[in-house]
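What follows is a set of notes on a single structure, which appears directly below.
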Amino acid sequence: MAATAVATRGEPAVAAQDGNTNVVSGAKEITLNVNGEDRKVTVEPRTSLLEVLRDQLGLTGCKDLQDIYVDGADTVMIDGKATYAGTTFALQAEGKKIRTVESLRDGRSIDPVIAGFVKHDGLQCGYCTPGFVVATRAFLEQNPTASLEEIRKGLGGNVCRCGTYDGITKCALELAKGGA
Ligand code: FES
């Protein structure tokens with residue numbers, strides 16, 4: 001399984017008396033390194049990394065879709081490993097290098113994985129495609145010459161109702177053969 005579940009999310013945050021829902025009891029400021037930049041965020045112990053990325057940093061590529069049985073839509077890379085941001089506490093990511101799908105595009109330049117998804121029609125309906133893209137990038141960085149069987153196993157942490165994984169597998173295999 002490519003992604004790693006390290007914790008479960010807690011209940012919704014309690015609003016502070018000043019009405020700012022981002023500030024909760026027991027909250028503290030920490031610095032997270034996201035897409036190469038140090039970002040100051042405010043978290044309490046139960047705050048998930050997904051909440052921070054989406055709600056505080058505006059990085060909405062990773063999705064919270066667990067309530068409709070989509071696994072891996074919240075995939076980000078932490079120190080190069082595909083990880084579920086929704087089941088990782090923000091505090092656990094302190095001092096590590098976090099990369100989101102937004103890091104795979106620089107202006108008009110896109111990561112070969114994104115180009116491969118387009119070429120092989122690996123987009124599916126698109127809801128959890130960013131998670132698949134990040135998982136594929138992380139997998140290829142750790143397994144640059146992977147076989148078809150290794151790719152299928154390595155991307156097994158991303159599951160969604162669209163279920164047409166053939167294009168994604170073809171993309172990953174082509175990049176693996178080309179040494180991407
Ligand atoms: Fe996952 Fe469509 S529900 S891509």
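We count residues from 1, following the sequence as given. What's counted below: heavy atoms across the whole structure, side chains too, no hydrogens, waters or symmetry copies. Whatever order the structure lists ligands and atoms in, that order sets their numbers, starting from 1.
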Using modelled atom types and a 3.5 Å cut-off, is there a donor and acceptor pairing between side-chain atoms of [X] and backbone atoms of [Y]?
| X | Y | answer |
| --- | --- | --- |
| R54 | T60 | yes |
| Y165 | C160 | yes |
| R137 | F139 | no |
| D79 | K97 | yes |

List ligand 1 atoms under 4.0 Å from [X], heavy atoms only on the residue side.
| X | answer |
| --- | --- |
| Q124 | 4 (S) |
| R161 | 3 (S) |
| G126 | 4 (S) |

Under 3.5 Å, is there a donor-acceptor pair between the S147 and E149 side chains?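 No, E149 and S147 have no side-chain donor paired with an acceptor closer than 3.5 Å.
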Vertex atom 1 (Fe) of ligand 1: angle to SG of C128 and SG of C160, to 10°?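 Vertex atom 1 (Fe) of ligand 1, arms to SG of C128 and SG of C160: 100°.
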Vertex atom 2 (Fe) of ligand 1, ends C125/SG and C162/SG: angle to nearest 10° comes to 100°
